[in-house]
Amino acid sequence: MDYKAPRGTHDIFGTNALGLSLLEQKAKEIFRRHGFEEVRTPIFEDAALFTRSIGQTTDIVEKEMYVFEDRKGRKLALRPEGTASLARAFIEHRMDISSPAGKFFYCGEMFRYERPQAGRYRQFRQIGAELYGSSSPAADAEIITLAKDVLTSLGIDKINVHINSLGCDKCRPLFRKVLVKYFSSAKDLCQDCLRRLGKNPLRLLDCKVDSCKFTAVPETSDYLCSECKDNFNIVQFLLKKADCQYSVNGTLVRGLDYYNRTVFEIRSDAIGSQDAIAAGGRYDNLVKELGGQSTPAVGFALGAERVLLAAQSVGFLDSLKQSEKIFVAIAEQELFGEAFAFSAKMVKDGFNNDKNISVFGPINGKSLTSQLKFADKIQISKTIVFAKTEFENGKVLIKNMKDKTQTETEINKL
Ligand code: ATP
Ligand code: MG
């Protein structure tokens with residue numbers, strides 16, 4: 001065949017599809033307990049929404065967005081992340097005015113034109129939560145522990161929570177100056193970093209190019225104003241209270257410009273170089289920046305594919321039980337209708353009260369041998385055979401497809 005899934009995308013099936021559903025289900029359960037409600041936003045938005053919120057001099061906006069024009073010449077973009085869309089929806093539905101507080105979550109596809117590698121794709125899935133209307137450090141701590149809870153619910157326990165504070169409009173200008181000074185004397189900066197140095201020096205801390213990795217880089221924590229320092233201390237105090245282990249990483253920044261104060265990243269030791277499985281932080285100016293009433297906010301997103309890679313390493317995917325496959329076959333064509341009715345009943349009621357089953361058949365017009373061959377091909381574990389003599393006595397045959405043994409059972413006992 002000449003067609004393949006586009007580079008950086010992949011089909012999800014089998015255990016991975018089960019794992020993804022279960023991850024979403026577990027996350028939703030935990031979100032609900034924390035009072036978060038689901039929001040589904042469009043997969044594409046006005047491109048300017050992302051440019052404006054994520055920032056002109058970020059990798060996402062400069063290189064990674066899928067931007068296209070529709071037939072009326074509107075400039076649209078496939079969403080590269082969820083926070084901007086949620087903020088847009090929050091403002092569009094006047095929630096910033098009617099109830100300037102809210103807890104929301106989303107699950108869905110994101111698109112970034114990146115160099116594909118293990119854990120880095122062009123279409124990937126994020127599960128995220130956003131808490132609006134609270135500037136309390138308790139909201140930061142809740143979001144961090146929430147992200148961690150979702151991961152531990154899958155048995156992913158070898159994780160490191162890195163936190164930092166990016167300061168506020170008052171203290172960040174000083175830190176930017178310090179960074180510009182520091183990097184101005186650095187050698188071998190990549191082209192992006194050279195270009196961004198004047199405009200957005202924080203970006204240099206997040207550069208993935210090897211020649212841009214420096215030691216003794218200035219750390220934000222040394223330049224925080226007293227309010228930001230206090231705030232960061234309370235976040236840490238609350239994380240300790242919640243038994244959430246973390247380390248302060250003074251050079252941690254995020255790849256998006258809207259963050260202020262607390263930022264965090266959760267990394268896994270188990271999945272190789274793309275080790276960031278969840279990330280987030282506070283973004284108190286975004287809603288106002290997008291034209292809404294000033295509303296503090298904090299949130300996070302986890303990368304579902306990377307989380308599943310980490311889950312695989314702790315055996316989570318192995319433990320997923322596929323439902324037992326049961327086939328209904330007919331020895332004589334005249335039993336087709338009876339077998340069909342039985343099959344439908346079994347779908348509804350289960351087999352021997354077990355509802356973790358999937359039911360196949362019956363198929364008419366084929367010999368019993370070819371029905372059984374087909375059942376083997378699709379890895380059926382039990383076949384229920386409707387045969388005339390047994391059926392007249394209210395019975396069916398149950399064939400164990402693995403050891404080929406066969407028993408007789410009364411139909412109304414199933
Ligand atoms: P990275 O530093 O790995 O590029 P990022 O800072 O761009 O990550 P965010 O924008 O904060 O990532 O997104 C949150 C999470 O989404 C990441 O921690 C990661 O798990 C996941 N993620 C981001 N980009 C991709 C991608 N291209 N493919 C798969 N997962 C991704
Ligand atoms: Mg990135």
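One-based numbering, in listed order, for ligands and for the atoms of each.
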Applying side chain to side chain donor-acceptor pair (under 3.5 Å), which residue pairs with at least one partner in residues 48-57 are found, sequence neighbours left out? Thr57-Asn200

With sequence neighbours left out, the residues meeting side chain to side chain contact (heavy atoms under 4.5 Å, CB included) with Leu194 are Leu189, Gln191

Any donor-acceptor pair under 3.5 Å linking the side-chain atoms of Asp140 with those of Thr262? yes

Testing the 3.5 Å rule here: is there a donor-acceptor pair between the side chains of Gln126 and Glu81? no

Strictly under 4.0 angstrom, heavy-atom based: which residues surround ligand 1? Arg112, Glu114, Gly119, Arg120, Tyr121, Phe124, Gln126, Lys208, Arg254, Leu256, Ala276, Ile277, Ala278, Ala279, Ala301, Gly303, Arg306

Side chain to side chain donor-acceptor pair (under 3.5 Å) with Arg40: which residues, sequence neighbours excluded? Glu38

So, do Leu205 and Leu179 sit near enough that their side-chain heavy atoms are less than 4.5 Å apart? yes

